[in-house]
Trainee: 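Structure provided below as structure tokens; questions to follow.
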Amino acid sequence: MTRKCGVLQRAALWFRLALLLLSAVGYAAAAGGCSSVAFPSNRLYAACSDLPRHSSSIHWSYDSAAATLSFAFVAPPAKPEGWVSWAINPTADGMLGSQALIAFHQPDGSMGVRTYNITGYASIAEGPIDFNASNLAAEYSGGAMRLYGKLKLPAGMTVVKQVWQVGSSVADGVPQKHGFQPDNLQSKGTLDLIKGAISPSGGSTNVKKNVHGVLNAVSWGIMLPIGAIIARYLKTFKSADPAWFYLHVTCQIVGYGVGVGGWAIGLNLGSKSKGIQYTTHRNIGIILFCLGTLQVFALFLRPSKDHKYRFIWNIYHYLVGYTVIVLGIVNVFKGLEILSVDHKWTMGYIIAVAILGGIALFLEVVTWSVILKRKDARSGSNGV
Ligand SMILES: *[C@@H]1O[C@H](CO)[C@@H](O)[C@H](O)[C@H]1NC(C)=O
Ligand SMILES: *[C@@H]1O[C@H](CO)[C@@H](O)[C@H](O)[C@H]1NC(C)=O
């Protein structure tokens, strides 16, 4: 009886999950995908590309003789009372300098499009843009906004840098700042009007970000904790002396070297990322570098084993060492969040940390049992 109930319950759960999944897929498709958007017959476009962020798509026809681009940009705004925007940036990569069209509910309630020459991050002002814009119109239906327009491009401009965005609110006819999630920061790339191809921008930056992430996750996030585990637990075994010391020092120095490489790439990325600052990630990174460097150089100042200051040095060494390990792991998680990598990478790192934690816990138990046994043996022999 109970068993039957269990089966039924599980079946119902799977059914609900499947429904949820289907509706999510359906929503994404309805929101902005190329295949799902049907335009009236007076608005037909020769090409379409699904854009990689914000469930959006760009539909267009390019007249190379007249150098005019007719397009429709379709995206769900962050909130129904928000806005959607599509822009060409003729000079740079990203928001600054972009010649933007923004669609939103105008103060009178109707949907409309206005043009913005974006010159700063702080605020935007409506005004003329570099490209003569005509046939501007917008619609809002089925949770998505459609932004229509026609732009006169300079002759020969057939590959454009595009930037698109969605926002959640408009105040007094002024679109308000968008969010700063990875989707908001990476919604840019190039669009080839003739070939119909899109590609994300910042290719070399993305490679650098990944290299920075891998180097730092492996060094600060994995090697240094392993080095600490070696020192703490191998030391208990007399036969491992002094091997544990050399293993520990090698592991930490290699980890530190790799970590400094990753850190330098991170600083370079930070200096290039204008307007967007990941303050916490950056500050933790700088603290890590300072503490790590201190730790390496303090090795040369280590008093000999029976020096009266050795005890103090040891306390210092543990404190700084454990701080570096905790901050290192925290910062790897911060970085994973910023990169908005696939869930599987974050999961992989969580598993790696859990395994290291498990090993440490196991060895902690073993160490204590060894120590207690030794004590026992000693007090036993004393008694006899
Ligand atoms: C847009 O702003 C830039 C920088 O202020 C300026 O040089 C450019 O002429 C402006 N474009 C238009 C169409 O006003
Ligand atoms: C923009 O287009 C309008 C209408 O086609 C035209 O009258 C105007 O001269 C154009 N402006 C520029 C700067 O090309």
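The residues of the chain are indexed from 1 along the displayed sequence. For ligands, and for the atoms within them, numbers begin at 1 and follow the listed sequence.
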Trainee: Suppose the criterion is salt bridge (Lys or Arg N to Asp or Glu O under 4.0 Å): which pairs have a residue in residues 352-371, not counting sequence neighbours?
Mentor: Arg232-Glu364
Trainee: What about Asn117: any of its N or O atoms under 3.5 Å from an N or O on ligand 1?
Mentor: yes
Trainee: Could you tell me which non-hydrogen atom of Pro154 sits nearest to which non-hydrogen atom of Phe131, and how far apart they are?
Mentor: CD-CE2, 3.7 Å
Trainee: At a 4.0 Å threshold, what atoms of ligand 1 neighbour a non-hydrogen atom of Ile129?
Mentor: 13 (C)
Trainee: Got an N/O contact under 3.5 Å between Asp130 and ligand 1?
Mentor: yes
Trainee: Main chain of Gly127, side chain of Thr115: is a donor-acceptor contact present, judged purely on distance under 3.5 Å?
Mentor: yes
Trainee: Return the closest protein heavy atom for atom 5 (O) of ligand 1 as residue, atom name and distance.
Mentor: Thr119 CG2, 3.7 Å
Trainee: Check whether Trp220 reaches the backbone of Trp263 with its side chain - one donor and one acceptor, N or O, closer than 3.5 Å.
Mentor: no
Trainee: With a 6.0 Å cut-off on the ring centroids, do Tyr45 and Phe71 count as close?
Mentor: no
Trainee: Please check if a non-hydrogen protein atom sits closer than 4.0 Å to atom 7 (O) of ligand 1.
Mentor: no
